[in-house]
Amino acid sequence: MEGLFLDARYDKGVLTLYFLSNKIEEINVKAHRIAYIEPTSIELYNVLNKLSFIYEIMEEEWFLPPYYDFKRPIIKIKYLGSSKFIKKIEENGLGVHVNNFPDEINLILREKSLHPGYLYDMNTLEMRDSDDPLYKLPEIRYAYVTSLNKYGKEASWYDIKYYKVSINNKDDFVIKNIEELYDIIKENEISIVMADVNSLNEIKSQGFILIQKPLVGIYGLIEWSRISGLTLRQASNSSIGKILTSAEALEAIKRHYEIKKVKRVEPWRKLGDMKDADRAGATFIPKPGVYFNVYQLDFSSLYPNIIVLNNLSAETVNKNNCIKYETNAIGHKVCFDKEGLVPSVLKRLIDRREKIRPYKKDLIFKERFDAIKWILVTGFGYLGYRNSLFGSVSAYESVTYIAREIMKKSYEISNKNGYKVINYIIDSLFLIPENPKIDIEELSETISKEVNIKLRVEDKFLWLVFPYTERCLGSAGRYYGLRDDGTLKIKGINAVRKNVPDIIKYAETNALNVLKKASNKEEFYNLLIKAKESYDNVKKELINGDVKEDLLVISKSINKIGNTQQVRASRILYGLGDSISYIINSDGNPIPVEFYEGNYSKEYYLKYLERSEIEMPWYIINKNCNTS
């Protein structure tokens with residue numbers, strides 16, 4: 001019988017495997033623990049040979065970081081019992097524990113040729129699957145469990161009033177007691193339960209896999225498992241950076257690259273050279289205004305493609321023992337003797353995502369597609385992250401330099417062909433055809449060929465607004481507009497921000513829904529007065545006390561100690577990392593929703609609405625922005 005391998009646990013010599021077939025099946029197999037030690041003293045061998053709980057000692061050749069150009073013997077140990085001896089070895093200066101990322105259980109699974117997210121024969125434990133991105137899965141019955149407060153918003157740990165249970169993103173149940181969940185799970189034959197942190201601690205796994213609610217859906221989570229080698233439980237608890245680093249670690253092990261945190265020393269440079277190199281990617285400050293007939297063009301995985309095409313990896317940049325290399329304009333030497341580790345991982349992800357792209361209208365493939373996108377977005381940032389196992393600042397600087405050059409070329413080609421560039425940010429261009437010599441598709445193709453990275457027409461806007469910021473400037477990442485398919489696209493403004501009270505979102509979306517009826521310049525300006533009236537009506541409702549309390553709730557995380565609203569609201573109920581929902585009362589104090597008694601500060605919320613109004617288009621038309 002076949003089963004989808006999802007999870008595993010190890011305890012006292014027994015590896016418990018969890019498969020999904022018609023239900024969750026458990027299979028127990030005997031297994032040894034595994035550790036890799038890099039010797040620093042010959043005495044290590046004598047010590048290991050005296051330990052009776054060690055089953056096997058092997059010597060393997062591994063390439064050493066940071067540049068992986070030299071090999072040395074690493075000791076692989078199979079054993080049972082406690083791992084305390086490893087710490088003793090390190091304390092006595094006999095060796096260094098290596099290859100221990102992401103976790104020991106992943107070493108054990110690799111030793112057994114078991115890869116999470118793949119189909120196996122549950123009798124023989126032989127894989128019955130391929131690495132084809134269009135793989136098929138058995139039917140999965142799953143549930144999301146979300147704790148809610150009395151306003152129906154996601155609850156903090158202390159103000160839970162009820163729970164919402166969603167079955168396969170279709171059927172929703174609302175329950176007051178977590179005990180009711182088990183009947184729902186049994187009746188709907190649920191195999192996987194994904195719960196928020198508050199609910200997770202209250203649910204007991206009974207014949208189903210229980211995991212933390214991840215950033216992606218269940219099919220995206222399985223995709224992460226296949227890519228990273230992490231079990232479903234590990235992947236659900238991991239940051240996207242850890243998913244990426246785990247995928248890189250898989251590639252490192254295939255190459256016999258030792259996994260160990262090392263300090264990569266950056267070359268000495270003149271201050272002027274450092275100023276030229278240590279810069280971000282290309283960004284633009286757009287002029288606040290309303291624009292018509294705008295195209296948005298997006299590069300496909302710009303930064304990952306730059307890394308791949310230019311072989312940028314920690315071990316390829318400024319490597320001494322290199323035969324074939326190129327020196328870029330900011331002075332970094334890039335080695336092309338061998339494909340870099342990071343480029344090889346990102347290339348597979350880019351190719352995988354492109355194979356899925358034609359099928360992404362299907363929910364399952366859409367989740368996989370988005371799951372890969374998240375990793376690719378992280379790929380560039382982690383290249384320059386100081387704690388990254390496989391990153392370096394020099395490689396990071398090389399990427400941003402090339403990105404700036406690509407945007408510069410794109411800007412020039414657009415202008416040359418009669419298109420005005422009104423904004424660009426990271427991997428996107430916003431263009432208006434003023435005197436176009438070629439159509440927009442031909443322009444995108446011309447730029448794609450010039451920079452060797454695919455540029456697509458992402459959206460066409462009938463109208464597009466770049467609003468003012470608090471400093472009376474534009475912002476490349478804040479805009480909203482009406483697409484030619486009749487839908488709104490909103491980025492960066494209060495209408496879509498999570499930590500903003502719903503009354504602000506309500507006012508802004510009301511106004512934008514009025515403007516949504518405008519398909520050209522004349523209609524847009526004719527509807528501005530009506531849009532402003534809809535915004536002002538919310539102010540009147542607030543002053544008259546006609547606002548529902550749930551629109552006043554502010555939800556924020558407590559991420560630092562200071563005189564912030566969330567800290568003052570939390571008092572002694574919360575700790576760092578907790579989230580809290582509160583309302584500003586008539587005294588101007590933030591009150592947790594559980595203790596709120598129905599008397600809000602009209603002044604606070606009215607000022608908030610007035611501040612937020614700077615994002616609306618009539619502010620731009622009237623040109624009355626000021627920083628006071």
Side-chain angles (χ1 to χ4, degrees), residues 284-298 414-415 418-425 428-436 439-441 443-444 457-497 500 502-541 608-626:
F284 186 81
I285 298 178
K287 182 180 179 181
V290 183
Y291 300 87
F292 298 90
N293 192 26
V294 180
Y295 290 95
Q296 179 181 349
L297 276 59
D298 283 4
S414 298
N415 282 340
Y419 288 81
K420 181 181 179 180
V421 180
I422 60 171
N423 186 28
Y424 54 79
I425 176 173
S428 297
L429 292 157
F430 293 82
L431 313 173
I432 295 176
E434 290 192 322
N435 297 295
D439 67 30
I440 194 69
E441 293 291 347
L443 176 68
S444 62
V457 179
E458 179 70 15
D459 282 308
K460 180 183 177 182
F461 295 97
L462 302 180
W463 53 263
L464 183 70
V465 177
F466 290 107
Y468 282 120
T469 65
E470 295 79 3
R471 297 173 63 189
C472 292
L473 299 172
S475 171
R478 293 188 190 183
Y479 59 89
Y480 52 89
L482 182 68
R483 299 182 180 100
D484 60 352
D485 66 359
T487 61
L488 287 168
K489 185 173 186 177
I490 306 172
K491 295 287 184 179
I493 66 171
N494 283 336
V496 291
R497 291 178 61 192
V500 171
D502 282 352
I503 191 169
I504 310 299
K505 300 176 184 179
Y506 175 61
E508 289 197 348
T509 52
N510 278 0
L512 294 183
N513 281 329
V514 172
L515 294 171
K516 190 178 178 181
K517 299 172 185 176
S519 59
N520 56 50
K521 187 175 183 178
E522 183 180 358
E523 291 175 356
F524 184 89
Y525 286 115
N526 286 340
L527 285 169
L528 268 181
I529 294 176
K530 191 174 181 181
K532 188 178 187 309
E533 286 175 353
S534 74
Y535 195 97
D536 290 340
N537 285 339
V538 179
K539 294 180 186 177
K540 292 176 183 176
E541 290 175 20
Y608 207 142
L609 279 166
E610 290 170 349
R611 289 198 310 272
S612 187
E613 198 170 358
I614 199 174
E615 298 179 332
M616 295 292 97
W618 51 86
Y619 243 78
I620 300 167
I621 305 303
N622 296 329
K623 297 182 180 178
N624 58 354
C625 184
N626 62 74

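Side-chain atoms are counted along with the backbone in the values below, which use heavy atoms only and exclude waters and symmetry mates.
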Student: Find out whether Asn537 and Asn510 are in side-chain contact, i.e. whether some heavy atom of one side chain is under 4.5 Å from a heavy atom of the other.
Tutor: no

Student: Does any part of the side chain of Pro288, heavy atoms only, come nearer than 4.5 Å to the side chain of Tyr619, both counted from C-beta?
Tutor: no

Student: CG of Leu482 to NZ of Lys489: how many Å apart, nearest 0.5 Å?
Tutor: 12.5 Å

Student: Any idea how Phe292 and Tyr525 line up, ring-wise: parallel (<30°), tilted (30 to 60°), or perpendicular (>60°)?
Tutor: tilted

Student: In this structure, are over 12 heavy atoms from other groups packed under 6.0 Å from Glu522 atom CD?
Tutor: no

Student: Scan side-chain atoms only and decide if Glu508 and Ser612 contain a donor-acceptor pair under the 3.5 Å cut-off.
Tutor: yes

Student: I need the minimum non-hydrogen distance between Val290 and Pro617, along with the two atoms involved.
Tutor: CG2-CB, 4.3 Å

Student: Would a 4.5 Å heavy-atom cut-off, applied to side chains only, mark Glu533 and Ile529 as touching?
Tutor: yes

Student: When you check the gap from the basic side-chain N to the acidic O, do Arg483 and Asp459 get nearer than 4.0 Å?
Tutor: yes

Student: Looking at every heavy atom in both Ser428 and Asp298, which two are closest together, and how far apart are they?
Tutor: OG-OD1, 2.6 Å

Student: Flag yes if more than 12 heavy atoms outside Lys521 fall under 6.0 Å of its NZ atom; otherwise flag no.
Tutor: no

Student: Identify the two heavy atoms, one from Ile490 and one from Ala495, that lie closest to each other, and give their separation to 0.1 Å.
Tutor: CG2-CB, 4.4 Å

Student: Tell me whether Asn423 contacts the main-chain N or O of Ala476 through its side chain, where contact means a donor paired with an acceptor under 3.5 Å.
Tutor: yes

Student: Hey, mind stepping through Leu462 and Asn293 against side chain to side chain contact (heavy atoms under 4.5 Å, CB included) and telling me if it holds?
Tutor: CA-CA 5 Å; Leu462 302 180; Asn293 192 26; over 6 Å; no

Student: What are the two closest non-hydrogen atoms of Glu613 and Tyr535, and how far apart are they?
Tutor: N-OH, 3.3 Å

Student: Once you round to the nearest 0.5 Å, how far does CZ of Arg471 lie from CD1 of Ile285?
Tutor: 7.5 Å

Student: Between Val496 and Lys505, does the side chain to side chain contact (heavy atoms under 4.5 Å, CB included) criterion hold? Intermediate values first, please.
Tutor: CA-CA 7 Å; Val496 291; Lys505 300 176 184 179; over 6 Å; no

Student: Go through the steps to decide whether Glu441 and Val457 satisfy the test side chain to side chain contact (heavy atoms under 4.5 Å, CB included), and finish with yes or no.
Tutor: CA-CA 7 Å; Glu441 293 291 347; Val457 179; 3.8 Å; yes

Student: Could you walk me through whether Leu488 and Asn513 pass side chain to side chain contact (heavy atoms under 4.5 Å, CB included), step by step?
Tutor: CA-CA 8 Å; Leu488 287 168; Asn513 281 329; 3.9 Å; yes

Student: Does the side chain of Thr469 reach to within under 4.5 Å of the side chain of Ile614, using non-hydrogen atoms?
Tutor: no

Student: If we ignore hydrogens and angles and just use 3.5 Å, is the side chain of Tyr291 paired with the main-chain N or O of Phe466 as donor and acceptor?
Tutor: no

Student: Could you give the distance from OH (Tyr419) to CG (Asn435), rounded to the nearest 0.5 Å?
Tutor: 10.5 Å

Student: What is the distance from atom NZ of Lys491 to atom CD of Gln296, rounded to the nearest 0.5 Å?
Tutor: 8.5 Å

Student: In terms of ring plane angle, is the pair Tyr424 and Phe284 parallel, tilted or perpendicular, where the classes change at 30° and 60°?
Tutor: tilted

Student: Which distance, rounded to the nearest 0.5 Å, do you find between the OH of Tyr295 and the CG of Asp439?
Tutor: 8.0 Å

Student: What is the minimum heavy-atom distance between Ser444 and Leu297, and which atoms define it?
Tutor: CB-CD2, 4.0 Å

Student: Can you tell me how far CD1 of Ile432 sits from OG of Ser414, rounded to the nearest 0.5 angstrom?
Tutor: 12.0 Å

Student: Kindly give the heavy-atom pair with the smallest separation between Ala511 and Met616, and that separation in Å.
Tutor: CB-SD, 4.0 Å

Student: With no hydrogens and no angle check, is any side-chain donor or acceptor of Trp463 less than 3.5 Å from a backbone partner on Phe524?
Tutor: no

